Amino acid sequence: MKVIKILSIIGMVFFPLCLILASVFADSDVEAAAGWGIIATLYGIGYSITTFVKTKNLAKIE
């Protein structure tokens, strides 16, 4: 579960940063705002897959 804890800490910094940057670029550069949204989405997908696999492995052990 150490991996999930580390990914959660990174996510608590990364997602607000992506939100701020997407908000800043929303008026001036739409492609940059969309890019930050895609980057945050890809991280979220990787995080959710990792969490799913780890919890599924824990359920097997118990």
Side-chain angles (χ1 to χ4, degrees):
M1 297 304 282
K2 190 173 185 176
V3 173
I4 294 177
K5 185 176 180 180
I6 293 170
L7 287 174
S8 295
I9 293 169
I10 292 171
M12 286 188 289
V13 174
F14 185 68
F15 281 125
L17 179 68
C18 287
L19 180 65
I20 290 168
L21 289 172
S23 299
V24 167
F25 288 127
D27 292 334
S28 61
D29 191 3
V30 177
E31 287 89 10
W36 280 106
I38 290 171
I39 290 170
T41 303
L42 290 175
Y43 182 83
I45 290 170
Y47 175 69
S48 58
I49 290 171
T50 304
T51 305
F52 177 74
V53 169
K54 285 289 190 179
T55 55
K56 190 168 183 168
N57 288 341
L58 283 176
K60 277 186 183 178
I61 293 172
E62 295 174 358

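Because the structure is a prediction, the values reported are computed rather than measured. Positions are given from 1, in the same order as the sequence printed here.
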Does T41 have any side-chain hydrogen bond (donor to acceptor under 3.5 Å, both in side chains) partners at least two apart in sequence or in another chain, and if so, which?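 Not a single residue meets the side-chain hydrogen bond (donor to acceptor under 3.5 Å, both in side chains) criterion with T41.
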Within one Ile-Leu-Val-Met-Phe-Trp-Tyr cluster: L58 and V3, side-chain cutoff 4.5 Å: yes
Shared hydrophobic cluster, F15 / I10 (ILVMFWY, side-chain heavy atoms < 4.5 Å): yes
Check [X] against [Y] and note the closest heavy-atom contact, atom names and distance.
X   : Y   : answer
T51 : I4  : CA-CD1, 3.8 Å
Y43 : L7  : OH-O, 2.8 Å
F25 : A33 : CB-N, 3.8 Å

With clusters built from Ile, Leu, Val, Met, Phe, Trp and Tyr whose side-chain heavy atoms come within less than 4.5 Å, directly or transitively, what are the remaining members of the cluster of I38, listed by chain and number? L42
Using links of under 4.5 Å between side-chain heavy atoms of ILVMFWY residues, direct or through other members, which residues join V30 in one cluster?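 Same cluster as V30: nobody, lone residue.
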One pair to check against side-chain contact (heavy atoms from CB on, under 4.5 Å): M12 and I9. What are the steps and the verdict? CA-CA 5 Å; M12 286 188 289; I9 293 169; 4.1 Å; yes
I'd like to check I39 versus F14 (side-chain heavy atoms, cut-off strictly below 4.5 Å). Are they in contact?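 Sidechains of F14 and I39: in contact.
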Of the options L21, I20, V24, which is the one that meets W36 in a side-chain contact (heavy atoms from CB on, under 4.5 Å)?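 So, applying the side-chain contact (heavy atoms from CB on, under 4.5 Å) to W36 and each of L21, I20, V24, only L21 qualifies.
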